[in-house]
**Student:** 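Here it is: the structure, laid out below.
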Amino acid sequence: MSASPEESLVQQWTSEQARLRQQLVEEDTEDWQKSPGFSGLERVGGVDLSFIKGDDVNACAQLVVLSYPDLELLYENSQMVTLTAPYVAGFLAFRETPFLIEALQQLERDKPELLPQVVFVDGNGIFHYREFGLACHLGVLSGLPCVGVAKNLLQVQGVYKSEEHQSQIAALQKGGDSFPLTATSGKVLGKALRSSDKSSKPVYVSVGHKISLDAAVRLTHSCCRYRVPEPIRQEMVQ
DNA sequence: GCGACAG
DNA sequence: ATCTTGTCGC
């Protein structure tokens, strides 16, 4: 029996994820990450692809860099791109990463002094079927610390939208409150974070690369004026 | 068979 | 991801 093109693509992608995963670093590697107020952190980045109506082939790849802690715009780059890979849940990175890497390389070439010290990614990191989501993929390929922030819950490894999950959300009282997303294995894969006082719907934060979950959650909260962290929200707004 | 499925 | 304006509440 021969596999369909889709099946063999997914097989290929699965082994590529496993290969890259060996290079993943799930701990703090930078001095600023260990400081309570993140002193030494001056630039935070955000990446995203946005689409229009009935078109899932053409998209706008965006990279912004903001100052920290003021969150003022230091750099912005938007580029129309043509996607080739299909969207398959669990393999988002293969669709989006090439264009995000391209944007980061362009920045490194043109204004290396503006390279971000950490990148917020619209999607999951470790909180993923095979613990290697978009934020991990981009982190390993770029070598930059990355944080995954998803706006919707991915039901994975025993984490479900159960009534218990809903009541845990209801118990998040103020911005900064969070609860762990624990796999059946017992490993904490991420945290649901109430990112601001005003929004009752949490965001789902997980380690991308070269940062601890604790630092990732604290940093995400400190970059939120609204529900979505500013480095990612900037793009959606513009 | 049915539901779930980051973006 | 996107389709979609106003509206209600603080």
Side-chain angles (χ1 to χ4, degrees), chain A residues 6-7 9-10 13-14 17 20-21 24 46-63 78-101 103 119-141 146-163 165-166 169 173-175 181 183-184 189-209 213 216 220 225-229 231-238:
Chain A
E6 173 89 8
E7 283 170 332
L9 189 60
V10 163
W13 284 351
T14 303
Q17 281 182 339
L20 291 175
R21 189 167 177 355
L24 187 65
V47 290
D48 187 32
L49 252 62
S50 50
F51 297 79
I52 49 165
K53 188 171 176 175
D55 189 346
D56 57 350
V57 169
N58 298 295
C60 185
Q62 310 195 77
L63 164 64
S78 301
Q79 185 94 47
M80 285 306 297
V81 297
T82 303
L83 305 193
T84 52
Y87 169 68
V88 182
F91 301 93
L92 181 60
F94 294 92
R95 183 163 158 83
E96 300 200 350
T97 291
F99 308 100
L100 305 178
I101 288 289
V119 180
F120 283 94
V121 179
D122 196 1
N124 291 303
I126 285 294
F127 186 52
H128 177 269
Y129 303 111
R130 291 161 300 278
E131 298 184 20
F132 200 75
L134 174 59
C136 301
H137 205 117
L138 186 70
V140 166
L141 291 187
C146 286
V147 177
V149 181
K151 298 185 289 294
N152 293 293
L153 180 72
L154 183 64
Q155 302 194 130
V156 63
Q157 295 200 32
V159 180
Y160 301 118
K161 272 185 227 172
S162 59
E163 293 207 3
H165 183 78
Q166 296 306 326
I169 289 175
Q173 294 299 305
K174 59 181 196 310
L181 305 166
T184 45
L189 297 180
K191 287 195 173 181
L193 169 71
R194 179 162 183 156
S195 48
S196 83
D197 287 335
K198 276 151 272 186
S199 65
S200 56
K201 183 176 179 177
V203 294
Y204 300 94
V205 179
S206 59
V207 169
H209 188 49
L213 180 57
T220 301
R225 289 214 241 267
Y226 305 101
R227 177 173 175 248
V228 175
I232 295 175
R233 198 188 72 93
Q234 284 295 325
E235 294 144 357
M236 315 175 67
V237 167
Q238 294 177 26

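Quantities reported herein were computed from a predicted structural model and do not represent experimental measurements. Every chain is numbered from 1 and lettered A, B, ... according to where its sequence line falls, protein lines coming before strand lines.
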**Student:** Expressed in angstrom and rounded to an integer, what is the separation of A:F51 atom CZ from C:dT2 atom P?
**Tutor:**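 Distance check: A:F51 CZ to C:dT2 P gives 9 Å.
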**Student:** Checking all strands, does A:F94 fall into the base, sugar-phosphate, or nothing category for heavy-atom contacts under 4.0 angstrom?
**Tutor:**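 The residue A:F94 makes no contact with any strand.
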**Student:** Of the candidate nucleotides C:dT2, B:dG7, B:dC5, which contains the atom at the shortest distance from the side chain of A:D48?
**Tutor:**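 For A:D48, the side-chain atoms sit closest to B:dG7.
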**Student:** Scan A:G90 against the nucleic acid and name what it touches under 4.0 Å (heavy atoms): base, sugar-phosphate only, or nothing.
**Tutor:**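 It contacts base atoms.
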**Student:** At 4.0 Å (heavy atoms only), tell me whether A:D122 reaches a base, stays on the sugar-phosphate, or touches nothing.
**Tutor:**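 The answer is sugar-phosphate, as A:D122 gets under 4.0 Å only of primed atoms, P, OP1 or OP2.
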**Student:** Write down the distance between CD1 (A:I52) and P (C:dC3), rounded to a whole number of angstrom.
**Tutor:**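 That distance rounds to 9 Å.
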**Student:** For the pair made of CH2 in A:W13 and P in B:dG7, what is the distance, rounded to whole Å?
**Tutor:**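 The distance from CH2 of A:W13 to P of B:dG7 comes to 17 Å, rounded to the nearest Å.
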**Student:** Mind checking whether A:F132 and A:H137 have parallel, tilted or perpendicular rings, split at 30° and 60°?
**Tutor:**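 Rings of A:F132 and A:H137: tilted, as their planes differ by 30° to 60°.
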**Student:** Using only side-chain N and O atoms of A:K151, determine if any of them is under 4.0 Å from OP1 or OP2 of C:dA1.
**Tutor:**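 Answer is yes, contact under 4.0 Å.
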**Student:** What is the separation between atom CG on A:L154 and atom P on C:dA1, rounded to the nearest whole Å?
**Tutor:**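 Answer to the nearest Å: 13 Å.
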**Student:** In this structure, how many angstroms lie between the P atom of B:dA6 and the CD atom of A:Q155, rounded?
**Tutor:**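 Answer to the nearest Å: 9 Å.
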**Student:** Would you mind reading off the distance between A:F127 atom CZ and B:dC5 atom P, rounded to a whole angstrom?
**Tutor:**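 My rounded result for the distance is 10 Å.
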**Student:** Please check this pair: side chain of A:S206 against backbone of A:G125, looking for a donor-acceptor N/O pair closer than 3.5 Å.
**Tutor:**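 Yes.
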**Student:** Can you find a heavy atom in the side chain of A:Y129 that is under 4.5 Å from one in the side chain of A:L154?
**Tutor:**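 In contact.
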**Student:** Between atom CD1 in A:I232 and atom C1' in B:dA6, what is the gap in whole Å?
**Tutor:**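 After rounding, the gap between these two atoms is 12 Å.
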**Student:** Whole-Å distance between B:dG7 P and A:Y87 OH?
**Tutor:**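 From A:Y87 OH to B:dG7 P: 7 Å.
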**Student:** Suppose we call two aromatic rings close when their centres sit under 6.0 Å apart. Are A:Y160 and A:H165 close by that rule?
**Tutor:**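 Distance test on ring centres: not under 6.0 Å, no.
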